[in-house]
Amino acid sequence: MSALQAVTASGSAAGHSIEFRNVSIRFNSFDAVSGVSLRIQPGEFVCLIGPSGCGKSTLLSAAAGFLGRRGDAPGAVEGEVLVNGERVRGPDISRGVVFQSSEALFPWRTVRENVAFGPRIRGIRGGELRDLIDYYIALVGLDHAADRFPSQLSGGMRQRVQLARVLANQPRVILMDEPLGALDAQTRSVMQREIERLWQETRCTMVFVTHDLDEAIKLGDRVVTMTAGPAAGIKSVYDINLERPRDETTSAAIELHRTLRDDVAEEVLKTLRSQRR
Amino acid sequence: MTMEVNRTYPANGAKAWYQRWWAVQPVRSTVIFALSLAIGLVVWQLISIKYGVYFFPSPSETWIAFKELAEDGSLATSTIDSARRILVGWGLGLVVGIPIGLVMGRFGFVRQLLDPYIEFFRFVPPISFVTLAIIWFGVGEASKVVLIFYTSVFIVTISTIAGVLAVDPLKVRAAASLGAGPLRTMFLVIIPASIPEIVTGARLAMGNSFLTIVSAEIVAAQHGLGALIWKSRNYGRTEWVFVGIITLGILGFLFDRIIRVAVRRGLARYVNHG
Ligand SMILES: Nc1ncnc2c1ncn2[C@@H]1O[C@H](COP(=O)(O)OP(=O)(O)O)[C@@H](O)[C@H]1O
Ligand SMILES: [Mg+2]
């Protein structure tokens, strides 16, 4: 199968479902997350928001397979995390991860070489590899910077590299942990549109952690809010039935923003109160 | 206003020739280097006049001794012998220290197992092993190379561990979810990311090797800069000692330069980012 055929093939394949069944996660004696149950449909875009430190990254790590014995972090996961109906037992190329920090890139590799990381491990070589990499670099709009090193790129461009690197493995699920958190407002807004477009083109399942309410409303099919930790859980789940591409200045969006804001503020206040004690 | 600007930044043509030359970076650094050398020589000459040439040989005495040792070939032989011992011992230190450091850095269990020994031996100077080295490895090359190896291997190991521990866990996670197993993670992530610290360790080890070579050649070396320095003492030839010391310094400077240039040429992408 040629690279471009592979691309097309993955384009027509749907994303995988993700299911958390009564999931609790503890670090030594600390209960980070408790009793989370959530089913994410194949190809769905779910945004996760909540007070900082509540366990959003932890939940994402559980889905990525970073926790427990096969992962590199000490967290013990109880309950079941299922992707495409199968239990997560460690990281896998079908589940791509985009991190907030560009420290996740390999600074000694050019953009092209960063993107080639996954495909090379999969054994793709030569012209096929070149086509595949060119395709994904163009997809994120970095053709002009393909031979630069990450240190020579802006923050927004670095996040594009992270996206291309993950997409080049043609994952069924992309887990994003505040991927735009370090960017300025302008770049952020452009990147939100890009992510929406990439999602529509690849039809991956997306789990997107953010602390920006407008971002969540703009991108999510559903927005999930979490309660403050310790033993954080899911507080509410909102269906966002707005036309895409969305406009955050419509009255419906503003109404949603208000609801979400009150929801999260309540939990943030809880955190503050417990800290004061 | 315009007048002032003109006065502060005169056109290039208005500058005197020496001002223009002085603006050229390589010219400036060469001139400063020459000046530094000249001041050093003058101070050296003055000390030697004050305390006498036997006690403190003058630059010209040392120059004569240098020509003497260079002409009978003993300086070249000594330099080559010492350089070879240093390179072999240091090279072995890298070949052994880097893999040990990588494994120790990656596996906490191995780190805890070996740590007491690393922490112990790194405070025991190589000179305290000179006698044992000769008893165990004989009076030949082996004992000298072993001492250089000893002085290199710990610093290389410790630097490599530091490099591995400093690798951002995000890189390891990213690699894992892109399909890298433990072996690929080691070769494609941990090693490349640790290269700056490994290079630092290698340079420090090179410095240590030069500090150690003189004690390594204290006994039973026919040739070598250390041997030259020790033997000159027996003949009361302080100017030979000076020649040995200066050659050692220049050789060390040269080796460090070679490492730096090699790193810049061959490992640039691993070292210059951030
Ligand atoms: N490796 C770890 N060891 C111990 N505690 C951890 C670890 N990772 C996260 N935690 C704790 O779990 C809680 C949730 O963290 P996290 O998921 O990073 O929150 P956030 O919602 O801001 O992403 C925090 O209290 C954090 O201190
Ligand atoms: Mg987080």
Side-chain angles (χ1 to χ4, degrees), chain A residues 57 60-61 63-67 70-74 88 90-110 113-124 147-153 158 161-162 164-171 173-177, chain B residues 98 102-112 159-202 260 262-274:
Chain A
S57 299
L60 217 59
S61 294
F66 295 146
L67 304 181
R70 294 280 303 274
D72 63 314
V88 170
D92 190 86
I93 58 171
S94 66
R95 280 170 271 127
V97 185
V98 175
F99 303 89
Q100 174 178 356
S101 163
S102 58
E103 276 295 322
L105 290 173
F106 307 123
W108 56 87
R109 288 174 169 246
T110 61
E113 291 161 345
N114 266 284
V115 176
F117 189 91
R120 281 193 75 88
I121 290 177
R122 288 191 289 140
I124 299 171
D147 293 313
R148 287 201 224 158
F149 287 93
S151 60
Q152 301 165 318
L153 304 176
R158 289 181 199 173
V161 181
Q162 282 208 58
R165 186 174 70 168
V166 160
L167 289 169
N169 258 354
Q170 292 144 2
V173 167
I174 302 183
L175 307 166
M176 301 200 233
D177 196 350
Chain B
I98 294 172
L102 290 172
V103 172
M104 284 180 73
R106 203 80 180 101
F107 303 103
F109 168 73
V110 182
R111 188 158 65 244
Q112 284 175 339
S159 304
T160 307
I161 294 172
V164 173
L165 293 180
V167 178
D168 197 304
L170 286 186
K171 287 185 175 56
V172 177
R173 289 183 164 194
S177 52
L178 291 168
L183 213 59
R184 282 207 173 88
T185 301
M186 178 59 94
F187 284 99
L188 298 178
V189 181
I190 303 293
I191 293 176
S194 309
I195 284 176
E197 286 87 352
I198 295 176
V199 167
T200 304
R260 274 162 62 178
V263 166
R264 202 175 333 127
R265 292 270 165 81
L267 299 174
R269 60 163 60 207
Y270 302 103
V271 182
N272 305 323
H273 47 67

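Chain naming here is simple, since letters A, B, ... match the order of the sequence lines and numbering starts at 1 in each.
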>> Let's test your reading of the structure: which of A:Ala104, A:Pro171, A:Gly118 forms the most heavy-atom pairs below 4.5 Å with chain B?
In response: A:Ala104
>> If you define the side chain from C-beta out and look only at heavy atoms, does anything of B:Leu178 sit under 4.5 Å from A:Ile121?
In response: no
> Using non-hydrogen atoms only, which part of A:Gln100 is less than 4.5 Å away from chain B: side chain, backbone, both, or neither?
Replying inline: neither
> So which heavy atom on B:Arg269 is nearest to which on A:Trp108, and how close?
Replying inline: NH1-O, 2.8 Å
> What pair of heavy atoms forms the shortest contact from B:Arg173 to A:Phe99, and how long is it?
Replying inline: CB-CZ, 3.9 Å
>> So for B:Val271, is it side chain, backbone, both, or neither that comes closer than 4.5 Å to the heavy atoms of chain A?
In response: neither
> For A:Leu175, is it the side chain, the backbone, both, or neither that has a heavy atom closer than 4.5 Å to a heavy atom of chain B?
Replying inline: neither
>> For chain A, which candidate among B:Ala268, B:Pro169, B:Gly181, B:Ala175 shows the most heavy-atom pairs at distances under 4.5 Å?
In response: B:Ala175
>> Tell me the closest heavy-atom pair linking A:Arg95 and B:Ser177, and the distance in Å.
In response: O-CB, 3.8 Å
> What part of A:Ser94 gets closer than 4.5 Å to chain B, counting heavy atoms only: side chain, backbone, both or neither?
Replying inline: neither
> At a heavy-atom separation under 4.5 Å, does B:Leu188 approach chain A through its side chain, its backbone, both, or neither?
Replying inline: both
>> Given heavy-atom pairs under 4.5 angstrom as the criterion, report whether the side chain, backbone, both or neither of A:Asp92 touches chain B.
In response: backbone
> Taking all atoms of both residues into account, what is the closest heavy-atom pair of A:Ser101 and B:Leu170, and its distance?
Replying inline: CB-CD1, 3.7 Å
> For A:Arg122, is it the side chain, the backbone, both or neither that has a heavy atom under 4.5 Å from a heavy atom of chain B?
Replying inline: neither
> So which part of B:Arg184 gets closer than 4.5 Å to some heavy atom of chain A, the side chain, the backbone, both or neither?
Replying inline: side chain
